[in-house]
Amino acid sequence: MTITTVRDLRRMLPKTYDHRREVLSEVCTVLSQHQNLEAVMDKFVFNDGTVKNLISLTGTVMVFYEGKRYNIPVCLWLNESFPRSAPICYVKPTRDMMIVPSRHVNSNGEIMLPYLDKWRHTQCDLYSLIQVILAVFSEVPPVCMRPEDSGSRLEECSHVILDREDNLLFRKNNETNC
């Protein structure tokens with residue numbers, strides 16, 4: 001469920017959140033500065049299979065890379081103990097995008113930053129986290145567009161043509177060269 005106003009946010013924020021007033025304040029600050037993000041209540045599945053109804057900031061953040069503007073899709077999940085604990089952050093590529101793993105983003109899209117690892121409630125906040133994300137993604141974008149020819153799905157093909165780097169023919173009758 002998408003939350004559109006502070007009043008909606010206050011109403012929808014589960015009572016399970018330990019620091020509701022601080023969560024409200026931080027989320028409102030970020031939403032006022034990043035119009036392409038929205039607060040969303042949804043189910044988050046942890047690695048151990050536990051499911052919780054959590055708030056996230058979902059949408060895009062704008063970065064500049066090599067002089068061009070890019071909108072990077074992200075989802076920042078706030079655990080019930082936020083802001084005492086760091087958000088759980090992901091890059092969420094669209095169908096036309098692929099994740100580009102780096103030291104800051106793994107192949108699942110999880111964002112891994114020293115800022116998150118060293119999260120301290122009194123020294124760290126959502127707005128500053130997004131500024132760090134913008135700086136890092138401006139150096140190494142976490143997504144790229146899928147190659148156009150990858151749009152055709154393998155299961156839709158009746159056959160696959162393989163090219164050899166050495167320009168030799170493949171053997172006939174399903175034989176291998178091994």
Side-chain angles (χ1 to χ4, degrees), residues 1-65 69-95 97-144:
M1 166 183 283
T2 301
I3 299 165
T4 55
T5 67
V6 175
R7 186 176 175 194
D8 290 341
L9 178 59
R10 185 177 291 122
R11 210 179 287 146
M12 297 301 296
L13 190 62
K15 296 195 185 312
T16 54
Y17 275 77
D18 300 331
H19 310 283
R20 291 172 47 106
R21 198 171 284 187
E22 290 175 86
V23 172
L24 257 171
S25 174
E26 289 210 31
V27 169
C28 289
T29 298
V30 167
L31 295 179
S32 71
Q33 299 296 315
H34 297 277
Q35 288 77 30
N36 292 329
L37 290 175
E38 60 185 354
V40 177
M41 290 299 303
D42 206 354
K43 297 195 181 311
F44 180 82
V45 181
F46 290 86
N47 290 338
D48 66 0
T50 304
V51 178
K52 288 189 178 182
N53 200 28
L54 299 179
I55 190 168
S56 69
L57 292 175
T58 302
T60 60
V61 292
M62 185 176 55
V63 301
F64 288 91
Y65 178 70
R69 184 180 85 182
Y70 295 94
N71 291 312
I72 308 296
V74 296
C75 186
L76 314 177
W77 291 94
L78 309 182
N79 207 341
E80 294 167 329
S81 57
F82 179 84
R84 304 304 190 271
S85 62
I88 305 163
C89 305
Y90 289 91
V91 171
K92 298 298 261 182
T94 65
R95 288 181 168 210
M97 297 178 179
M98 297 174 21
I99 292 173
V100 178
S102 67
R103 65 182 240 226
H104 297 297
V105 178
N106 69 19
S107 60
N108 294 324
E110 185 176 3
I111 299 170
M112 303 168 297
L113 299 167
Y115 190 86
L116 291 168
D117 294 337
K118 297 176 182 175
W119 185 270
R120 293 262 192 269
H121 166 248
T122 57
Q123 300 168 347
C124 302
D125 59 66
L126 277 177
Y127 181 79
S128 299
L129 169 62
I130 292 174
Q131 298 311 305
V132 171
I133 289 172
L134 296 177
V136 168
F137 290 176
S138 291
E139 292 176 13
V140 181
V143 291
C144 68

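Along the sequence shown, the residues carry numbers beginning at 1.
When only modelled atom types and interatomic distance are considered, Glu22 and His121 share a side-chain donor-acceptor pair under 3.5 Å. For the residue pair Asn79 and Ser81, no side-chain donor N or O sits within less than 3.5 Å of a side-chain acceptor on the partner.
For the pair Ser138 (side chain) and Leu134 (backbone), a donor-acceptor distance under 3.5 Å is present. A donor-acceptor pair under 3.5 Å links the side-chain atoms of Asp125 to the main chain of Tyr127, judged by distance alone. A side-chain donor-acceptor contact under 3.5 Å links Arg20 to the backbone of Pro14. Between the Trp119 side chain and the Pro83 main chain, a donor and an acceptor come within less than 3.5 Å of each other.
What you find for Val143 and Pro93 is that their closest heavy atoms are CG1-CB, 4.1 Å. Between Tyr65 and Glu139 the shortest heavy-atom distance is CE1-O, 3.6 Å. Scanning all heavy atoms of the two residues, the minimum distance from Met112 to Ser102 falls at CE-O, 4.4 Å. The minimum heavy-atom distance linking Val27 with Leu78 is given by the pair CG2-CD1, 3.7 Å. Nearest heavy atoms, Lys43 versus Asn53: N-OD1, 3.9 Å.
Rounding to the nearest 0.5 angstrom, the gap separating the CD atom in Gln131 from the OH atom in Tyr115 is 9.5 Å. Rounding to the nearest 0.5 angstrom, the gap separating the CZ atom in Arg84 from the SG atom in Cys124 is 12.5 Å. Atom CE of Met62 sits about 9.5 Å away from atom CD of Gln35, to the nearest 0.5 Å. One finds the CD1 atom of Ile111 at 4.5 Å from the CD1 atom of Ile133 (value rounded to the nearest 0.5 Å). Rounding to the nearest 0.5 Å places CG of Leu113 at 7.0 Å from CZ of Phe137. To the nearest 0.5 Å, atoms OH (Tyr90) and CD (Glu110) are separated by 4.5 Å.
Inter-residue side-chain proximity for Val74 and Leu37 is flagged as met; some heavy-atom pair is nearer than 4.5 Å. The side-chain heavy atoms of Pro101 and Asn106, taken from C-beta on, include no pair separated by under 4.5 Å. Between Leu129 and Cys89, some side-chain heavy-atom pair lies under the 4.5 Å cut-off. The shortest side-chain heavy-atom distance between Trp77 and Asp42 falls under the 4.5 Å cut-off. For the pair Val63 and Pro141, the minimum side-chain heavy-atom distance is 4.5 Å or more. The shortest distance between side-chain heavy atoms of Pro87 and Leu126 falls below 4.5 Å.
More than 12 non-hydrogen atoms from other residues, nucleotides or ligands lie less than 6.0 angstrom from CG of Asp48.
Paired with Leu76 under the rule side chain to side chain contact (heavy atoms under 4.5 Å, CB included), one option of Ile130, Thr58, Ile55 passes, and it is Ile130. Test Val23, Leu54, Asp18, Ile88 against Phe82 for side chain to side chain contact (heavy atoms under 4.5 Å, CB included) and you get one pass: Val23.
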